[in-house]
Amino acid sequence: MKKVLALVLTGVMVLGLTACGSSQSSSEAPAPAESTAESSVESEAPAEESSEPVALTYWYWADSPEDSACIQDIVKAYNESNGKGITVTAEEFPWNSGGFMEDTFTTIMGGGGPDISNFKASSGSLYVANGLLADMTSYVDSWADKGQISDAAWDVMRSATNTETINILPWTLEPLYVYYRPSIFAAAGVEVPTTIEEFLDVCEKCTMDTDGDGKTDVYGYGMRGAGGGQEHLGNFLYAYGASWDDLTTPEAVEAYKAYLSIYENGWAPEASVNAAFAEIKDEFATGQVAMIIHHIGSSQNWIDTYGDDCDAFVFPGSDKGQWTCTGDTELAIYEKCENKDAAWDFYTYMTTGEGGTAWFKHTGKGLGTDNVTATEEFAANKYQAVSAEATAVAGILPSTETVSAFINNTWVPTNQAALLGQMTAEDALAEMNAALHG
């Protein structure tokens, strides 16, 4: 019991890439959201139904009422078309800044909870350590569609639990990449960088005084120095041959100094020290910066804002390494589920089946499976190809028991102190390393 309590108190990592909000309390299971739209999934004619009906409970969070309605439509279509007597009841709970994962954990430990739910890969160690996740390796290995999901995605699932088994099932990955303004690149006389050294050169040359008044009008890079910025640090670490495993190595220090140099040299706005996503998004939208790091979730905004005067590339690495952080919403089948065959059938419908297609068409999120890449929506969004390319080098922060404390308590003040010259790179990294690895 002490082990469980200690793990609960450590909390669950909250990825800054996911912005979900709700005012609804997570202490009670809400009634399933009612869809006000017609089903976005076509129901296939059901095959001969099983003589023994199966009931599954699915818990999820949603970023918006529209997302929730889409999930409800998908589940309704599955129930009507699976032909196996499987009925899924979908119940929405708020994300609540990671509270969804903590509340689900507590409920299952108390003997309740769902058969299957949305899941954050970064919570894997907590759940596996307490025997809550089903080992789905045999299902995955015999799945004809397994190869449609990249090896990198499966590696993320394994690394999230520090095991060789598959206990978390991929559903959506949102790897970070770089959005940039081609018109600013042209004015600065630079091209898309292919190495970390070239990236720093672009940061410098795209920092310009465009009206000759002696003041910088455009900065090379929109730095996320505050909330969520730890994910961007990883791009630099791996490009210099370092990793999250030890932030005190000479390679990690070199990488962090390169990162800090962007701010120290004035290639990022002065306000970067306090910037989270909202701030860098505004800087890019108003033309203050040439580049920002984000994922597919903001692509439509840039299509609408800039049209052809926006493009993207995968953050460059070097011969020493390349990495980018990925946001994620996965699915997990719990050990308590009495019919894992039925739960697996629902999972495949949500990925390579009609449910996965409908979810992608609504959100733009998926795993690049065949049913997704065959859609007009995929072909119409040029950023999908960049996102797929970034997936090959994508990962998550280490799933340590203290990763939540690192993100929520250590990253922002420590990085801010280093940016402002109040702490050396070496001391800042030592403090981060202690927080991350305990």
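Bear in mind that the values here come from a model prediction, so they are computed numbers and not experimental data.
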Exam field: side chain [X] to backbone [Y], donor-acceptor pair closer than 3.5 Å:
X	Y	answer
D282	A278	no
E279	A276	yes
E198	T194	yes
D115	L56	no
S117	P114	no
E283	G222	no
W171	M350	yes
S272	A275	no
K340	E335	yes
T107	D103	yes

With a 4.5 Å cut-off on side-chain heavy atoms, are [Y] and [X] touching?
X	Y	value
V403	L436	yes
Y259	N235	no
L429	N433	no
W359	I71	yes
M136	N167	no
C337	I116	no
M291	F313	yes
D328	F119	no

Check your understanding: Only one of I166, D135, I149 forms a side-chain contact (heavy atoms from CB on, under 4.5 Å) with V140, so which one is it?
Key -> I166
Revision key, fill the gap. Only one of I292, V192, V202 passes side-chain contact (heavy atoms from CB on, under 4.5 Å) with Y180, and that residue is V192
Decide if the gap between the ring center of [X] and the ring center of [Y] is smaller than 6.0 angstrom.
X	Y	answer
Y221	Y263	no
Y349	F346	no
W61	F93	no

If you round to the nearest 0.5 Å, how far is [atom2] of [Y] from [atom1] of [X]?
X	Y	atom1	atom2	answer
T375	K361	OG1	NZ	6.5 Å
I396	T324	CD1	OG1	13.0 Å
T363	E377	OG1	CD	10.5 Å
N118	T172	CG	OG1	8.0 Å
C310	I303	SG	CD1	8.5 Å
T249	E254	OG1	CD	9.5 Å

Should we count [atom1] of [X] as having more than 12 external heavy atoms under 6.0 Å?
X	atom1	value
E197	CD	yes
K365	NZ	yes
D141	CG	yes

Exercise for review: Show the numbers, then the answer: is there a side-chain contact (heavy atoms from CB on, under 4.5 Å) between V218 and I184?
Suggested key: CA-CA 9 Å; V218 178; I184 297 178; 3.9 Å; yes
Practice item. Take T352 and Q148, measure what side-chain hydrogen bond (donor to acceptor under 3.5 Å, both in side chains) needs, and give me the verdict at the end. Key: CA-CA 8 Å; T352 57; Q148 292 187 35; 5.5 Å; no
Practice item. Could you walk me through whether Y60 and Y58 pass the ring pair (Phe, Tyr, Trp, His ring centres under 6.0 Å) test, one step at a time? Key: CA-CA 7 Å; Y60 69 94; Y58 164 50; 5.7 Å; yes
Is it the case that the side chains of [Y] and [X] hold a donor-acceptor pair, with the cut-off being a distance below 3.5 Å and no angle test?
X	Y	value
T87	N79	no
D341	Y139	yes
S299	N381	yes
Q300	D304	yes
Y238	S318	no
E204	W267	no

Check your understanding: Can the positive tip of K120 be found less than 6.0 Å from the middle of the six-membered ring of W95, inside 45° of the ring normal?
Key -> yes
Review point. Is the cationic atom of R224 (NZ for Lys, CZ for Arg) positioned less than 6.0 Å from the six-membered ring centroid of F277 and within 45 degrees of its normal?
Key: no
Point to revise | Sole residue of T357, T351, D145 in side chain to side chain donor-acceptor pair (under 3.5 Å) with N371 | key: T357
Exercise for review: Let me see the working for F284 and W302 under ring pair (Phe, Tyr, Trp, His ring centres under 6.0 Å), right down to the final yes or no.
Suggested key: CA-CA 9 Å; F284 195 67; W302 309 131; 4.9 Å; yes
Practice item. Go through the steps to decide whether M101 and L126 satisfy the test side-chain contact (heavy atoms from CB on, under 4.5 Å), and finish with yes or no. Key: CA-CA 10 Å; M101 296 307 307; L126 173 65; over 6 Å; no
Study note, to complete from the structure: Exactly one of W323, F315, W244 clears ring pair (Phe, Tyr, Trp, His ring centres under 6.0 Å) with F236, and that residue is F315
Give me the atom names and distance for the closest heavy-atom approach of [X] to [Y].
X	Y	result
K146	W154	O-NE1, 3.4 Å
L173	A153	CD1-CB, 3.6 Å
A332	L133	CB-CD2, 3.9 Å

Check your understanding: Where do D73 and K76 land on the salt bridge (Lys or Arg N to Asp or Glu O under 4.0 Å) test, with the steps shown first?
Key -> CA-CA 5 Å; D73 286 347; K76 180 176 182 290; over 6 Å; no
Exercise for review: Under the ring pair (Phe, Tyr, Trp, His ring centres under 6.0 Å) rule, collect the residues that match up with Y177, sequence neighbours excluded.
Suggested key: Y179
Exercise for review: Could you pull out all residues at least two apart from W143 that satisfy ring pair (Phe, Tyr, Trp, His ring centres under 6.0 Å)?
Suggested key: W344, Y347
Exercise for review: Report the C-alpha distance between T161 and S125 in whole Å, list the side-chain angles of each, state the deciding distance to 0.1 Å, and finish with yes or no for side-chain contact (heavy atoms from CB on, under 4.5 Å).
Suggested key: CA-CA 5 Å; T161 58; S125 292; 5.6 Å; no
Check your understanding: Which is it for H232 and L176 under the side-chain contact (heavy atoms from CB on, under 4.5 Å) test, yes or no, and what are the steps along the way?
Key -> CA-CA 8 Å; H232 303 184; L176 297 176; 3.7 Å; yes
